[in-house]
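Written below as structure tokens is the structure these notes are about.
Excluded from the calculations below are hydrogen atoms, water molecules and symmetry mates; all remaining heavy atoms, backbone and side chain alike, are included. Start at 1 and go down the list; that is how both ligands and their atoms are numbered.
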Amino acid sequence: MPVDLSTTIGSLEFPAPVMTAAGTAGHGAELSAYVDLSSLGAVVVKSLSAEPWPGNPAPRVHQTPSGMLNSVGLQGPGVAVWVRDELPGLVERGARVVVSIWGRSVEDYAAAARSLRAAEDRIVAVEVNLSCPNLDGGAHLFAHDPVATTDVLRSTEMLEVPRWAKLSANTDRVVEVARAAQSAGAEAVTLINTLIGMIIDTESRRPLLGGVSGGLSGAAIHPVAVRTVYEVHKAIPDLAIVGAGGVTDAITAIELILAGASAVQVGTATFADPRAVAKILDGLRTWCEAHEVSQLRDLIGGAHQTG
Ligand code: RRO
């Protein structure tokens, strides 16, 4: 019997539990040269705002021990141009498309959500990014506050597709914020975004990244992701979680699933190997076969079982 890798996230069924992470697979079908996009659970598109946005000054990325630091600063073409130029290529390749949206204000999120309504027949969900560390030095980290999280999610209520909330582990209030997101209509939370970090160029004696600080991702943050998913699942077991943070192989994916994630996203690993997301999906199948797991969903939250 083939392993059943399907999973459920809120009201949606996905044939596979592995997705791209927002910001790591571009805005369109770039990865299709390496990966059959229709085989993935979903392709999560880099965060879009209603209007085009140029992003932060260079340099924007830097490798760190076991990870990387980015200060991209939300560069994007805006929702309307994306719907016209990028969405068709994704749909053509059979991708289930999840769109990440961002804003500087509650009204900005509402504007992005309104613009997306024209594409709701071609997307499966919207990931509301409340946790970008790279905008005005982290001044718009809505996910550090349950009231701001509630206000942003309420402003996107006109969307008919399910909404997920992408949250931050840069706060000790993540459980409280996840509860607020759920009460404000999020069907799932994506845990975690990058951790705020910084690197100083010792020759120039100045911050290295154009945006000064940046978001740390990759293997270095995996234990933080596991801990955060575990804590939120323990406190709110009926809230679906999409796990992200240092997923580099089947084992790191299984860890997040055992902690309570119903699916995982692969991000930084894609920069090292554009086929990583497909390899991790294959690796999950092999792991389940080797461990006589016939349905991957039986593993979700397994680390919480006692006895
Ligand atoms: O674009 C970025 O700089 C960025 C975003 Br939107 C995000 O959510 N997380 C991140 O590390 N970088």
- prompt: Is the closest basic N to carboxylate O distance between K279 and D282 below 4.0 Å?
  reply: no
- prompt: Between H62 (side chain) and L69 (backbone), is there a donor-acceptor pair under 3.5 Å?
  reply: no
query: Going by distance only, is there an N or O of S47 that falls short of 3.5 Å from an N or O of ligand 1?
result: no
- prompt: Between Q75 and ligand 1, is there a nitrogen or oxygen pair with a distance under 3.5 Å?
  reply: no
- prompt: Does ligand 1 have any atom that is closer than 4.0 Å to a heavy atom of G23?
  reply: no
message: When you measure from the side chain of N56 to the backbone of N134, do you find a donor-acceptor pair of N or O atoms at a distance under 3.5 Å?
response: yes
message: For the residue pair N129 / S131, report whether a side-chain donor-acceptor contact shorter than 3.5 Å exists.
response: yes
message: Can you tell whether the side chains of E13 and R96 come within less than 4.0 Å, N to carboxylate O?
response: no
query: Can an N or O of K46 be found at a distance shorter than 3.5 Å from an N or O of ligand 1?
result: yes
field: Short side-chain to backbone donor-acceptor contact, H233 and V229, under 3.5 Å
entry: no
Numbered atoms and elements of ligand 1 in range of N70, under 4.0 angstrom, heavy atoms: 2 (C), 3 (O), 4 (C), 10 (C), 11 (O), 12 (N)
task: Before accepting this row, confirm whether a basic side-chain N of the pair R227/E231 lies closer than 4.0 Å to the acidic partner's carboxylate O.
output: yes
- request: Kindly confirm or rule out an N or O of V72 lying under 3.5 angstrom from an N or O of ligand 1.
  value: yes
field: Where ligand 1 meets N129 - atom numbers and elements under 4.0 angstrom, heavy-atom basis
entry: 6 (Br), 7 (C), 8 (O)
message: Would G215 count as a polar contact of ligand 1, with the cut-off being nitrogen or oxygen pairs under 3.5 Å?
response: no
message: Do the side chains of R179 and E176 get close enough for a salt bridge, i.e. N-O under 4.0 angstrom?
response: no
Close-contact set for ligand 1 against T194 heavy atoms, below 4.0 Å: 9 (N), 10 (C), 11 (O)
- request: Provide the number and element of each atom of ligand 1 under 4.0 Å from a heavy atom of C132.
  value: 2 (C), 4 (C), 5 (C), 6 (Br), 7 (C), 8 (O)
message: Within the structure, is a non-hydrogen atom of R60 found at a distance of less than 4.0 Å from ligand 1?
response: no
task: State the atoms of ligand 1, each with its element, that fall below the 4.0 Å cut-off from a heavy-atom position in L74.
output: 1 (O), 2 (C), 3 (O), 6 (Br)
task: Please identify which atoms of ligand 1 are closer than 4.0 Å to at least one heavy atom of N193.
output: 7 (C), 8 (O), 9 (N), 10 (C), 11 (O)
- prompt: Between E120 and R117, does at least one N-O distance fall below 4.0 Å, as a salt bridge requires?
  reply: yes
- request: Would you check whether S131 has a nitrogen or oxygen atom less than 3.5 angstrom from a nitrogen or oxygen atom of ligand 1?
  value: no
- line: Note: heavy atom closest to atom 2 (C) of ligand 1, options P133, G197, G73, belongs to G73
message: Once you measure the plane-to-plane angle for H304 and Y230, does it fall in the parallel (<30°), tilted (30-60°) or perpendicular (>60°) bin?
response: parallel
